[in-house]
Amino acid sequence: MSQKNLDNQYRFRSVTVGFRMSPQESRMLNEKVKLSGLTKQDYLLHCIENRNYTIDGRSTRVYKELCKKLKYFEDVLYQTKELEKLSLDELELFEYVLQIVVAIRAKKRAQIIVVQEPRQ
């Protein structure tokens with residue numbers, strides 16, 4: 001039998017949560033998880049509990065994902081030349097990427113502040 005896993009407060013995590021998302025929401029969640037360098041579970045727990053998290057800019061996984069996203073947005077902006085033509089999801093992801101890059105540029109780690117705001 002496998003050993004029980006406990007979290008930081010020594011609570012046993014025995015409940016599984018599942019929910020439905022649109023393909024766009026799922027894509028956005030997966031993108032943000034990749035950019036954060038966290039597991040999907042840790043990312044969602046940080047968001048739910050309004051806990052800030054730190055993204056390590058020295059992580060090769062995070063660095064590669066940031067480079068890929070920056071290249072994507074460079075290509076999109078070069079083609080369209082207008083931010084208004086981007087979808088809200090793309091703008092939200094672009095803002096997230098820029099927030100990470102600016103914080104990493106100041107120091108090697110990006111402190112991400114989780115803000116709960118209503119989505120329209």
Side-chain angles (χ1 to χ4, degrees):
M1 191 168 199
S2 64
Q3 186 178 5
K4 294 183 178 182
N5 294 329
L6 303 175
D7 67 355
N8 291 342
Q9 282 90 30
Y10 301 103
R11 297 176 293 202
F12 176 60
R13 292 185 172 159
S14 61
V15 177
T16 301
V17 177
F19 55 92
R20 294 183 184 276
M21 301 175 82
S22 71
Q24 296 86 359
E25 291 167 335
S26 177
R27 212 171 12 259
M28 179 65 74
L29 174 63
N30 290 332
E31 294 292 339
K32 286 188 171 186
V33 167
K34 284 187 224 173
L35 288 166
S36 72
L38 300 171
T39 63
K40 194 178 286 189
Q41 175 181 338
D42 288 337
Y43 179 81
L44 288 171
L45 287 173
H46 277 83
C47 290
I48 290 168
E49 296 172 354
N50 291 334
R51 289 187 297 169
N52 300 336
Y53 56 94
T54 302
I55 296 174
D56 188 0
R58 298 169 294 186
S59 167
T60 56
R61 226 174 342 140
V62 171
Y63 180 77
K64 285 180 183 178
E65 196 61 34
L66 273 174
C67 288
K68 188 173 21 169
K69 287 295 155 212
L70 286 171
K71 178 68 176 147
Y72 167 76
F73 284 116
E74 178 187 20
D75 293 343
V76 168
L77 291 174
Y78 184 74
Q79 291 170 2
T80 63
K81 304 219 189 281
E82 295 178 19
L83 285 176
E84 291 83 24
K85 294 189 179 182
L86 294 175
S87 69
L88 286 177
D89 288 339
E90 287 178 317
L91 286 173
E92 183 180 334
L93 190 59
F94 189 45
E95 179 184 19
Y96 186 68
V97 168
L98 291 177
Q99 180 184 10
I100 294 170
V101 169
V102 167
I104 286 177
R105 190 164 186 254
K107 46 190 177 232
K108 293 293 182 193
R109 294 174 184 257
Q111 181 72 26
I112 302 300
I113 299 169
V114 177
V115 178
Q116 293 286 338
E117 58 185 47
R119 185 151 178 191
Q120 298 156 354

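Values in this document were obtained by computation on a predicted structure and should not be read as measured data.
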Worksheet item: Got a sec, which residues hit side-chain contact (heavy atoms from CB on, under 4.5 Å) with Tyr72, two or more places apart in sequence or on another chain?
Response: Val76, Glu90
Fill in: From CA spacing to verdict: side chain to side chain contact (heavy atoms under 4.5 Å, CB included), Ile55, Leu35
CA-CA 8 Å; Ile55 296 174; Leu35 288 166; 5.8 Å; no
Discussion item. As a quick check of understanding, evaluate side chain to side chain contact (heavy atoms under 4.5 Å, CB included) for Lys40 and Asn30, giving each step before the final call.
Written reply: CA-CA 8 Å; Lys40 194 178 286 189; Asn30 290 332; 2.8 Å; yes
Discussion item. I'd like to check Leu44 versus Leu29 (side-chain heavy atoms, cut-off strictly below 4.5 Å). Are they in contact?
Written reply: yes
Practice prompt. Would you confirm whether Asp42, through its side chain, and Leu38, through its main-chain N or O, come within 3.5 Å as a donor-acceptor pair?
Written response: no
Worksheet item: Given side chains that start at C-beta, do those of Leu70 and Val101 come closer than 4.5 Å, heavy atoms only?
Response: yes
Item to complete: Hey, could you give me the CZ/OG distance between Arg27 and Ser22, rounded to the nearest 0.5 Å?
Response: 8.0 Å
Worksheet item: So how far is it from Ile104 CD1 to Tyr63 OH, rounded to the nearest 0.5 Å?
Response: 10.5 Å
Worksheet item: So how far is it from Lys68 NZ to Phe73 CZ, rounded to the nearest 0.5 Å?
Response: 12.5 Å
Worksheet item: Going only through I, L, V, M, F, W and Y residues with side-chain contacts under 4.5 Å, is there a path from Met28 to Phe19?
Response: yes
Discussion item. Distance check, rounded to the nearest 0.5 Å: Leu93 atom CG versus Leu88 atom CG?
Written reply: 12.5 Å
Fill in: Residues that Lys69 engages under side chain to side chain donor-acceptor pair (under 3.5 Å), provided they are two or more places apart
Glu31
Worksheet item: Is any side-chain heavy atom of Leu77 closer than 4.5 Å to a side-chain heavy atom of Phe94?
Response: yes
Worksheet item: Does any N or O in the side chain of Glu65 come within less than 3.5 Å of the main-chain N or O of Val62, such that one atom is a donor and the other an acceptor?
Response: no
Item to complete: List for me each residue that meets side-chain contact (heavy atoms from CB on, under 4.5 Å) alongside Lys64, sequence neighbours excluded, and say none if there are none.
Response: none
Discussion item. I want to check a possible cation-pi pair here: Lys32 against Tyr96, using under 6.0 Å from ring centre and within 45° of the ring axis as the test.
Written reply: yes
Practice prompt. Please answer: with hydrophobic residues joined when any side-chain heavy atoms are less than 4.5 Å apart, are Val33 and Met21 in the same cluster?
Written response: yes
